[in-house]
Colleague: 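Input: one structure, supplied below.
Computed from a predicted model, the values in this text were never measured in an experiment. Note: hydrogens, waters and symmetry copies are ignored here, and every other heavy atom, side chains too, is used. Just so it is clear: chains get the letters A, B, ... in the order the sequence lines come, proteins before strands, and each one is counted from 1.
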2 protein chains.
Amino acid sequence: MKKKRTTIKDIANVLNISAAAVSKALHNDSRISERTKENVRQVAKNLHYQPNHLASALRSGKSNLVGVIVPRTNSNFFSSVIQNIEEVLNEKGYSIIITQSNESYDKECKSIDTLLYTQVDGIIASMANETVALSSYEKIKSKGIPLILFDRGENDLNVDYIGIDDYNSSHLIVEHLVKNGCQRIAHIGGYKRTRIYNNRIRGYVDALKKHKLPLDAELLTEGNLTIEDGRIKMTQLLSLKTRPDSVYVAGDYAALGALQVLKEHKIRIPEEISLVGFGNEPFTDMVTPKITSVDQHSAEIGKQAANTFLKYVENDSTEQRLNKIILAAELIVRDSSNKKTPL
Amino acid sequence: MKKKRTTIKDIANVLNISAAAVSKALHNDSRISERTKENVRQVAKNLHYQPNHLASALRSGKSNLVGVIVPRTNSNFFSSVIQNIEEVLNEKGYSIIITQSNESYDKECKSIDTLLYTQVDGIIASMANETVALSSYEKIKSKGIPLILFDRGENDLNVDYIGIDDYNSSHLIVEHLVKNGCQRIAHIGGYKRTRIYNNRIRGYVDALKKHKLPLDAELLTEGNLTIEDGRIKMTQLLSLKTRPDSVYVAGDYAALGALQVLKEHKIRIPEEISLVGFGNEPFTDMVTPKITSVDQHSAEIGKQAANTFLKYVENDSTEQRLNKIILAAELIVRDSSNKKTPL
DNA sequence: TATATTTGTTTAAACGTTTAAGCAAATATA
DNA sequence: TATATTTGCTTAAACGTTTAAACAAATATA
């Protein structure tokens with residue numbers, strides 16, 4: 001059974017002052033005397049007073065809650081982004097509500113509804129793989145609630161976006177592989193409809209051109225980049241008449257699947273086939289051989305996303321518009337592609 | 001700039017009925033005519049009405065929000081538990097607020113305050129490694145808010161707990177190692193003050209006794225079970241005059257650290273030293289050799305935790321008391337300890 | 001036909017805050 | 001000393017709901 005909560009009125013009664021005075025004292029209003037403030041703080045402590053967020057949020061129109069939507073928390077990238085968002089926002093008195101879309105468009109819509117219903121002051125999101133329709137996100141904008149996208153974004157929404165330079169990352173990777181003597185570079189990519197994967201594909205294609213390498217359609221695939229997807233695509237690549245001498249996978253999980261298949265086929269890595277992943281998930285450094293990957297600066301992305309949100313609430317007049325922050329990614333070279341490493 | 005929200009009153013005005021009628025219509029009250037209900041639904045849709053959670057929660061005293069506190073989301077175990085909690089609770093109209101303690105007692109206290117402030121209807125938590133004082137958790141209880149613990153619990157709080165049988169898991173592991181011919185079994189354990197790790201240690205000690213194996217103090221260590229901790233403890237074990245022939249690590253991350261050290265020392269696994277982890281994190285199946293581990297049934301734990309919470313809100317009279325649900329764990333045997341596997 | 005019950009609605013208070021406006025007392029300014 | 005300003009509070013309304021109580025009209029019961 002619920003115990004009776006202590007309210008601002010209880011404090012007021014004890015001190016024989018008005019509830020308004022108590023409220024102001026607790027907010028350190030300059031028009032309240034030090035003496036009264038001290039008294040209020042004392043009584044509040046004695047009665048174990050805890051402010052009621054619902055009431056204050058309702059009245060003031062500010063919930064101090066920020067919604068975060070990610071495809072899943074179960075990946076180092078996303079959980080690191082979240083942790084950094086939380087750190088920055090907590091500092092400013094905000095709490096975050098995390099929801100997972102599980103890469104499902106349906107779940108994403110539901111999450112958005114829940115967050116709006118909860119009256120969050122803003123939403124920071126990375127879109128599900130499945131998402132193509134934007135009406136749900138438009139709804140957020142139409143309510144005048146700041147929307148910040150990261151990693152998986154969408155130009156057409158005309159909101160802030162923080163991500164890494166996917167196009168250029170592909171260039172880095174191809175360059176690295178070429179330097180290691182690779183000539184026939186395959187790409188296991190994500191779905192083109194997702195902007196970041198599209199950019200990686202474009203970067204891959206352009207980089208091949210730049211290095212005067214032939215572009216072979218059978219070396220370029222699209223998928224959802226799960227471990228299973230990586231296994232399937234790698235198996236396909238191995239069955240080609242002319243196998244690639246290197247594979248650039250647009251996600252670490254798929255890269256892991258590819259690695260498993262290569263090992264099962266007893267193909268030497270990187271001697272016969274070099275492998276590069278994307279995301280710098282911790283396991284890339286744990287498996288044998290360690291997988292070369294691209295670090296996405298998750299901490300920085302989280303901080304920038306949080307700060308972008310804060311920018312809006314601090315001077316609340318600004319209208320939102322397309323504003324991209326693109327961070328340079330970093331190639332972490334490991335055993336799976338570094339032929340010069342002495343064994 | 002914030003747009004004006006549609007409220008229940010706006011709908012009432014359009015239809016020339018009272019706000020109360022609208023509220024009841026939306027809640028499908030039996031005393032409202034079908035005709036009015038239909039009208040209300042229609043107008044609500046046209047005006048893009050979205051109920052204000054703050055107002056209804058304030059008035060009804062129910063926020064439909066449940067707080068979840070975990071040491072970190074960045075582990076398969078926790079994120080899987082969370083996902084299952086969310087699934088069960090969403091079904092019943094609850095949303096969850098996830099907070100991470102980062103294994104810090106301080107952060108945990110802050111999280112609890114934030115959750116209470118947000119007026120959550122319940123809290124499902126797994127305690128931080130650091131946590132020894134319980135006053136913060138007592139505060140939850142004293143407010144009459146259901147508190148459910150999982151994995152990392154504490155008897156003294158006298159609340160519901162869902163976890164696996166740690167004591168018996170240790171028996172399973174020791175038994176398995178003995179069957180594989182191991183005689184000198186080391187244990188890299190967690191801190192004894194944390195109940196689950198204490199149980200694993202007790203199980204380890206008792207299992208050694210049961211199998212008439214000598215208990216050697218230098219083979220039993222305590223730590224925080226990070227990768228780094230695993231590295232340190234394994235290095236220590238290797239420097240002993242008589243090395244162990246097998247190591248049971250109470251956490252997968254530490255087991256991974258131990259594995260790294262073993263590989264760096266070119267020690268053959270499992271021939272020279274067998275290795276067993278705990279938690280069945282996905283990477284145990286990714287590394288070489290694959291690490292034997294204990295599955296903790298994260299999905300089941302999440303579901304049970306959520307259902308336990310629901311039990312309280314559905315018949316809200318019940319007082320909370322110590323009530324443990326202990327699930328049997330499952331040993332997943334892999335290469336790191338299975339000497340009978342033909343190479 | 002008179003009375004009781006059901007149906008469909010309204011009224012008004014309440015949830016716990018915040019805040020604009022008001023006001024008396026104390027202090028500063030002329 | 002008279003007036004203006006500042007200080008420290010109070011009053012009352014508001015935020016958007018829910019809900020107990022009231023009530024008129026319609027319908028059922030005797």
Colleague: Mind calculating the distance between CD1 (B:Ile8) and P (D:dC15) to the nearest angstrom?
Modeller: 14 Å
Colleague: Whole-Å distance between C:dT7 P and B:Arg35 CZ?
Modeller: 18 Å
Colleague: Does any N or O donor sit under 3.5 Å from an N or O acceptor when you compare the side chain of B:Lys62 with the base of D:dT18?
Modeller: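 It does not, because no donor-acceptor pair links the side chain of B:Lys62 to the base of D:dT18 below 3.5 Å.
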Colleague: Is any side-chain N or O of A:Tyr117 closer than 4.0 Å to OP1 or OP2 of D:dG16?
Modeller: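 For D:dG16, neither OP1 nor OP2 has a side-chain N or O of A:Tyr117 closer than 4.0 Å.
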Colleague: Choose from D:dT17, D:dA12, C:dT9 the nucleotide whose nearest atom is closest to any side-chain atom of B:Ile32.
Modeller: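 Minimum distance to the B:Ile32 side chain belongs to C:dT9.
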Colleague: Taking any heavy-atom pair under 4.0 Å as a contact, classify A:His27: base, sugar-phosphate, or nothing.
Modeller: sugar-phosphate
Colleague: Go through the N and O atoms of the side chain of B:Lys24 and the base of D:dT17, and report whether any donor-acceptor pair is under 3.5 Å.
Modeller: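 Looking at the base of D:dT17, it does not pair with any donor or acceptor on the side chain of B:Lys24 (distance under 3.5 Å).
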Colleague: If the threshold is 4.0 Å, N to carboxylate O, is there a salt bridge linking A:Arg72 and B:Glu86?
Modeller: no
Colleague: Using a cut-off of less than 4.0 Å, is there contact between a side-chain N or O of A:Thr36 and OP1 or OP2 of D:dC9?
Modeller: yes
Colleague: Is there a Watson-Crick or G-U wobble partner for D:dG16 with both distances under 3.5 Å, and which nucleotide is it?
Modeller: C:dC15
Colleague: Check this for me, if you would: do A:Arg321 and A:Asp160 make a salt bridge, where the nitrogen-to-carboxylate-oxygen distance has to be below 4.0 angstrom?
Modeller: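 The answer is no: the pair does not qualify as a salt bridge.
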Colleague: The side chain of A:Ala20 lies closest to which of these nucleotides: D:dG16, C:dT17, C:dT19?
Modeller: C:dT19
Colleague: Expressed as a whole number of angstroms, how long is the span from A:Asn28:CG to D:dC9:P?
Modeller: 13 Å
Colleague: For A:Ser18, which contact category applies under a 4.0 Å heavy-atom criterion: base, sugar-phosphate, or nothing?
Modeller: base
Colleague: Nearest nucleotide by nearest heavy atom, which residue falls closer to the 5' end of DNA chain D, B:Ser23 or A:Ala21?
Modeller: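 It is A:Ala21, whose closest nucleotide lies nearer the 5' terminus.
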Colleague: Map B:Leu58 and B:Arg31 onto DNA chain C by nearest heavy atom, then report which one ends up closer to the 5' terminus.
Modeller: B:Arg31
Colleague: Look at A:Glu103 together with A:Arg152 and state whether they make a salt bridge at an N to O cut-off of under 4.0 Å.
Modeller: yes
Colleague: Quick test of your reading of the model: are A:Glu38 and A:Arg41 salt-bridged, counting only N-O distances below 4.0 Å?
Modeller: yes
Colleague: Rounded to the nearest angstrom, tell me the gap between atom CG in A:Asn39 and atom P in D:dC9.
Modeller: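 About 9 Å, once rounded to whole Å.
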Colleague: Rounded to whole Å, how long is the line connecting atom CG of B:Asp10 with atom C1' of D:dG16?
Modeller: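 That distance rounds to 10 Å.
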Colleague: Once you round it to whole Å, what is the distance between P of D:dT17 and NZ of B:Lys9?
Modeller: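 Those two atoms, NZ and P, are 9 Å apart.
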Colleague: Need to verify one output field. Residue with the more 5' nearest nucleotide on DNA chain C, A:Gln50 or B:Ala19?
Modeller: B:Ala19
Colleague: Is B:Lys139 salt-bridged to B:Asp113, going by a charged N under 4.0 Å from an acidic O?
Modeller: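 Looking at B:Lys139 and B:Asp113, the cut-off is met.
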Colleague: What is the nucleic acid contact for A:Leu54, judged by heavy atoms within less than 4.0 Å: base, sugar-phosphate only, or nothing?
Modeller: nothing
Colleague: Can you find an N or O donor on one side and an acceptor on the other, under 3.5 Å apart, linking the side chain of B:Arg59 with the base of D:dT18?
Modeller: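 Between D:dT18 and B:Arg59, which were checked side chain against base, a qualifying N/O pair under 3.5 Å is present.
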Colleague: Between C:dT9 and B:Ser33, is there an OP1 or OP2 to side-chain N/O distance shorter than 4.0 Å?
Modeller: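 Yes, such a contact exists.
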Colleague: Could you check which nucleotide pairs with C:dT29 in any of the strands shown, counting Watson-Crick or G-U wobble with both distances under 3.5 Å?
Modeller: D:dA2
Colleague: Which residue, B:Thr118, B:Leu54, B:Leu65, forms the side chain to side chain contact (heavy atoms under 4.5 Å, CB included) with A:Leu54?
Modeller: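 Passing option: B:Leu54.
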